[in-house]
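Written below as structure tokens is the structure these notes are about.
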2 protein chains.
Amino acid sequence: MRYPEGHKGSVRATIVAKAARALRAGGLAGVSIPALMKAAGLTHGGFYAHFENRDELVSEAVLAAAHETAARVLSPEIGDLDATLDAYLSIGHVEHPEVGCVIAALGTEGRAQSKPVRRAFAEAARGFVRLLETKLHPKSAAGTLSDEAMRLSAQMIGAVVLARLVDDPALAARILNAAKAH
Amino acid sequence: MRYPEGHKGSVRATIVAKAARALRAGGLAGVSIPALMKAAGLTHGGFYAHFENRDELVSEAVLAAAHETAARVLSPEIGDLDATLDAYLSIGHVEHPEVGCVIAALGTEGRAQSKPVRRAFAEAARGFVRLLETKLHPKSAAGTLSDEAMRLSAQMIGAVVLARLVDDPALAARILNAAKAH
DNA sequence: GGTATGCCATGATGGTCGTCATCGCATGCG
DNA sequence: CGCATGCGATGACGACCATCATGGCATACC
């Protein structure tokens, strides 16, 4: 069929959005192209009309996931630092990695990926610390990162990773609460 | 050939040890059985004489890696807490995940694995916090975990994950140093 | 020293993956 | 109203995977 203007672009955007979700749920290597396309309501055939290769989609999905979490948890309008900590260090975040922080969901997989994917993770990681910096010190000069922002970023990410691994809801909740101290 | 007593057991141990290294380097899904066996100096054929299936090897490799790091970095004879922090939060650790902490190397992959593998990760995670607890409070009752041990565990793991992702040696070093505060 | 043993190499099988070529078809344009 | 357009479905290809069946062969035992 002849498709309406901009159709292809919007389809591409939904593929990226659904992939961002599916990859966080199943791991970077755990979801195939057929599965990713099915998540977007399509079959595998059209994939290469939208992306050069699988890594291009993975890279964009990582960035999309990072922006999504930034807007939901780290953006200024969420509230002060405590509001961000409460949202990030929550049971809901631990139980739903598919809509949570991409670093806490896929962080350790980034290192072993191709260069474009590694670049996406690098940008996500730097963006995380940068946003936390502006929450800690709203009037700090752009581009400077305080030790406190780096330390607290590590603490938040590590806490969610640990809480997801211990396989014990009560202990997970204790880890999250312990990580709210700063 | 007729092999000397205990030969099979020692071969199995070297397969696990080499797999622990290869999996931390390449990711849980990034190394195939042929590759894992080649790392141990064998071909893929004999694999199922040693393991029920791939997940059994992965589970054992995760535990072996955890014990290895515990002995090298977290054991009492390393020194006090500062010695452990210096070793864990070092450039060498960031640059060599294949011999480093299994949680910092593979932590986010654990959640999406089969039950035996998840159990291995859960034990590794709990063991990490437990060992840090005895370093922080040597005379605390066995089995109790302080908020401080959980918070600092998260901070250490998150710092290494972040440092590996930012793709900037100078920034990585700053993150590591920032995470030495407690 | 002959022989039975059992570990491991060779090789096959079915399935799935990433990638690509082809085609049908519904609709926006003339 | 007919037709050209271009998106996406169908299907094929080679590669690689996990798993398993078979066989060779060097040695520890009798």
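Naming: A, B, ... by sequence-line order, numbering from 1 per chain.
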Return the value, rounded to whole Å, for the distance between atom [atom1] of [X] and atom [atom2] of [N].
| X | N | atom1 | atom2 | result |
| --- | --- | --- | --- | --- |
| B/Phe51 | C/dC8 | CZ | C1' | 14 Å |
| B/Lys38 | C/dC8 | NZ | P | 18 Å |
| B/Glu56 | D/dT19 | CD | P | 11 Å |
| A/Leu42 | D/dG8 | CG | P | 6 Å |
| A/Met37 | D/dC7 | CE | C1' | 11 Å |

task: For DNA chain C, determine which residues of residues 16-25 of chain A have any heavy atom closer than 4.0 angstrom to one of its atoms, and list them numerically.
output: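 Nothing qualifies; none.
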- prompt: Pairs in or reaching into residues 84-96 of chain B: which pass side-chain hydrogen bond (donor to acceptor under 3.5 Å, both in side chains), with residues at least two apart or in two chains?
  reply: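 Applying side-chain hydrogen bond (donor to acceptor under 3.5 Å, both in side chains) to every pair that reaches into residues 84-96 of chain B, excluding sequence neighbours, yields nothing.
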Donor-acceptor pair, [X] side chain versus [Y] backbone, under 3.5 Å?
| X | Y | answer |
| --- | --- | --- |
| A/Arg24 | A/Gly100 | yes |
| B/Arg174 | A/Leu145 | yes |
| B/Gln155 | B/Ala179 | yes |

- request: Quick one: list whatever passes side chain to side chain donor-acceptor pair (under 3.5 Å) with B/Thr108, sequence neighbours left out.
  value: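 So B/Thr108 forms a side chain to side chain donor-acceptor pair (under 3.5 Å) with A/Thr108.
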query: Listed by chain and number, what are the side chain to side chain donor-acceptor pair (under 3.5 Å) partners of B/Ser114, not counting sequence neighbours?
result: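 For B/Ser114, the residues satisfying side chain to side chain donor-acceptor pair (under 3.5 Å) (neighbours in sequence not counted) are B/Asp55.
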Identify all side-chain donor-acceptor contacts of residues 33-49 of chain B below 3.5 Å with residues at least two apart in sequence or on another chain.
none

- request: Could you check A/Glu68 against A/Arg72 for salt bridge (Lys or Arg N to Asp or Glu O under 4.0 Å), going step by step and ending with a plain yes or no?
  value: CA-CA 6 Å; A/Glu68 187 188 310; A/Arg72 174 153 3 135; 3.2 Å; yes
Might you list the N or O atoms of the protein lying below 3.5 Å from N or O atoms in nucleotides 17-19 of chain C, with each pair's distance?
residue : atom : partner : partner atom : Å
C/dC17  : OP1  : A/Ser32 : OG           : 3.4
C/dG18  : OP1  : A/Arg54 : NE           : 2.8
C/dG18  : OP2  : A/Ile33 : N            : 2.8
C/dT19  : OP2  : A/Tyr48 : OH           : 2.4
C/dT19  : OP2  : A/Arg54 : N            : 3.1
C/dT19  : O5'  : A/Tyr48 : OH           : 2.7

